[in-house]
Amino acid sequence: MIRLMWFWLPLILLSLSACDKEDLSLDKEDTLVFGKFYGFCMGEQCIEIFKAANGKVYEDTKDQYPNRDDFYEGNFVERTDADFEKVMALAQLIPTELSTARDTVFGMPDAGDWGGLYLEWTHNDQRSFWIIDNMQNNLPEYLHPLADGIRAQVESLSN
């Protein structure tokens with residue numbers, strides 16, 4: 001019996017510790033700002049930044065190229081309530097590795113005119129932002145689902 005307990009105890013503890021990861025979801029108190037940008041581009045579609053907050057989604061009308069050193073300060077106008085549900089899934093793609101990373105820039109965003117992605121997350125009164133390369137070969141693998149998610153949400157909201 002004791003031998004069996006020593007076999008199962010580590011497995012049980014391991015499974016319980018796997019549950020310690022906080023499920024990331026967009027609460028009504030949280031804010032998520034995300035989008036894509038291209039430097040050598042003409043037209044409204046070159047910079048698309050959105051914000052989800054207070055149960056609503058907003059679109060930026062400034063279309064300003066994000067600064068690598070500071071938070072994006074846009075001029076956001078409200079979109080339809082239905083869009084908020086689309087954005088909810090994006091918050092669940094934010095890997096925990098991102099919240100502990102020292103860097104705010106990943107890869108070489110827009111270095112070869114391939115664009116970049118912007119992500120800002122305010123969760124539990126902690127505000128962070130990241131500039132992410134649009135070319136997956138320049139990113140750590142754990143960021144691939146998030147980058148794909150940002151591109152998909154921007155595409156969906158831009159149509």
Side-chain angles (χ1 to χ4, degrees), residues 20-159:
D20 285 345
K21 180 185 174 196
E22 178 181 339
D23 284 340
L24 294 177
S25 62
L26 194 58
D27 298 328
K28 291 204 181 225
E29 299 83 35
D30 294 346
T31 302
L32 185 66
V33 179
F34 64 95
K36 68 174 185 168
F37 57 91
Y38 294 89
F40 295 105
C41 181
M42 300 281 290
E44 207 279 325
Q45 74 281 0
C46 299
I47 300 172
E48 293 287 347
I49 307 285
F50 298 93
K51 175 169 127 177
N54 304 315
K56 299 191 182 298
V57 174
Y58 305 84
E59 183 172 0
D60 174 51
T61 59
K62 274 174 94 172
D63 295 330
Q64 190 171 6
Y65 198 84
N67 182 338
R68 293 173 182 244
D69 300 320
D70 207 357
F71 296 96
Y72 187 82
E73 297 299 329
N75 181 36
F76 294 97
V77 295
E78 186 178 330
R79 293 186 43 123
T80 64
D81 291 338
D83 290 338
F84 186 75
E85 295 303 320
K86 294 177 186 177
V87 175
M88 294 279 289
L90 184 58
Q92 295 176 358
L93 295 176
I94 300 174
T96 55
E97 294 93 338
L98 197 58
S99 64
T100 59
R102 288 183 174 188
D103 296 324
T104 58
V105 178
F106 290 88
M108 300 176 293
D110 206 23
D113 200 25
W114 53 71
L117 305 169
Y118 180 82
L119 178 67
E120 181 180 320
W121 174 253
T122 304
H123 184 67
N124 294 332
D125 295 324
Q126 182 177 355
R127 187 176 180 201
S128 304
F129 78 95
W130 303 274
I131 307 290
I132 302 169
D133 203 318
N134 201 27
M135 189 173 282
Q136 293 219 3
N137 293 342
N138 296 332
L139 295 177
E141 194 168 317
Y142 70 85
L143 286 177
H144 291 186
L146 176 62
D148 290 341
I150 292 171
R151 282 191 291 275
Q153 288 299 328
V154 168
E155 181 72 25
S156 173
L157 292 168
S158 297
N159 291 329

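Any value given below was found using the heavy atoms of this structure, including those in side chains, with hydrogens, waters and symmetry copies removed. Model, not experiment: these values are computed from the prediction.
- Residues W121 and V33 have side chains not in contact (no heavy-atom distance under 4.5 Å, counting atoms from C-beta outward).
- Listed by first and then second residue, the disulfide bond (SG atoms under 2.5 Å apart) pairs involving residues 44-78 are C41-C46 (not counting sequence neighbours).
- Closest heavy-atom contact between L139 and A147: CD1-CB, 4.0 Å.
- With N124 contributing its side chain and Q126 its backbone, the two residues share no donor-acceptor pair below 3.5 Å.
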TODO: Might you work through the side chain to side chain contact (heavy atoms under 4.5 Å, CB included) test for Y58 and F50, ending with a clear yes or no?
DONE: CA-CA 6 Å; Y58 305 84; F50 298 93; over 6 Å; no
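- Side chains of D148 and Q136: a donor-acceptor N/O pair is present below 3.5 angstrom, by distance only.
- Counting heavy atoms of neighbouring residues, nucleotides and ligands inside a 6.0 Å radius, atom CD of E97 exceeds 12 of them.
- S156 contributes no side-chain N or O that, together with a main-chain N or O of A152, makes up a donor-acceptor pair within less than 3.5 Å.
- Checking side-chain atoms of Y38 against main-chain N and O of D113 turns up no donor-acceptor pair under 3.5 Å.
- Side-chain contact between V87 and L157: present, with at least one pair of heavy atoms (C-beta onward) separated by less than 4.5 Å.
- One finds the CD1 atom of I150 at 14.0 Å from the CD atom of E155 (value rounded to the nearest 0.5 Å).
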- [ ] List the steps, then state whether side chain to side chain contact (heavy atoms under 4.5 Å, CB included) holds for L119 with I94.
- [x] CA-CA 10 Å; L119 178 67; I94 300 174; 4.2 Å; yes
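- Here the OH atom belonging to Y118 is positioned 10.5 Å from the CD1 atom belonging to I132, to the nearest 0.5 angstrom.
- Side-chain contact of D30 with T122: a donor-acceptor pair under 3.5 Å is absent, judged by distance alone.
- Judged by a 6.0 Å distance limit and a 45° cone about the ring axis, R127 is positioned over the six-membered ring of F71.
- Heavy-atom minimum distance, P109 versus G116: CB-CA, 4.2 Å.
- Remark: M108 CE to N137 CG distance equals 9.5 Å, nearest 0.5 Å.
- Looking at D63 and I49, their side chains never come closer than 4.5 Å, going by heavy atoms from C-beta outward.
- The CZ atom of F84 lies 12.0 Å from the CD atom of E78; values are rounded to the nearest 0.5 Å.
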TODO: Evaluate the criterion side chain to side chain contact (heavy atoms under 4.5 Å, CB included) for residue pair K51 and T31; output intermediate values, then yes/no.
DONE: CA-CA 7 Å; K51 175 169 127 177; T31 302; 4.0 Å; yes
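- Residues S158 and E59 form no side-chain contact, since every pair of their non-hydrogen atoms from C-beta on lies 4.5 Å or further apart.
- One finds the CZ atom of F106 at 5.5 Å from the CG atom of L143 (value rounded to the nearest 0.5 Å).
- Remark: the backbone N or O of I47 is not paired with any side-chain donor or acceptor of Y65 at under 3.5 angstrom.
- Proximity of a side-chain donor or acceptor of T61 to a complementary backbone N or O of N75 within less than 3.5 Å is detected.
- Remark: side-chain polar atoms of N134 are paired, donor with acceptor, to backbone N or O of W114 under 3.5 angstrom.
- A salt bridge does not link K36 with E48: none of the charged nitrogens is closer than 4.0 Å to a carboxylate oxygen.
- Using modelled atom types, one side-chain atom of D133 and one backbone atom of M135 make a donor-acceptor pair closer than 3.5 Å.
- In this structure, the side chains of Y72 and N67 stay at 4.5 Å or more apart for every pair of heavy atoms.
- Remark: the D103 side chain and the W130 side chain contain no N/O donor-acceptor pair separated by less than 3.5 Å.
- Between L98 and L146, some side-chain heavy-atom pair lies under the 4.5 Å cut-off.
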- [ ] Please report the C-alpha distance between F34 and Q153 in whole Å, then the side-chain angles of each, then the deciding distance to 0.1 Å, and finally whether the side chain to side chain contact (heavy atoms under 4.5 Å, CB included) criterion is met.
- [x] CA-CA 9 Å; F34 64 95; Q153 288 299 328; 3.7 Å; yes
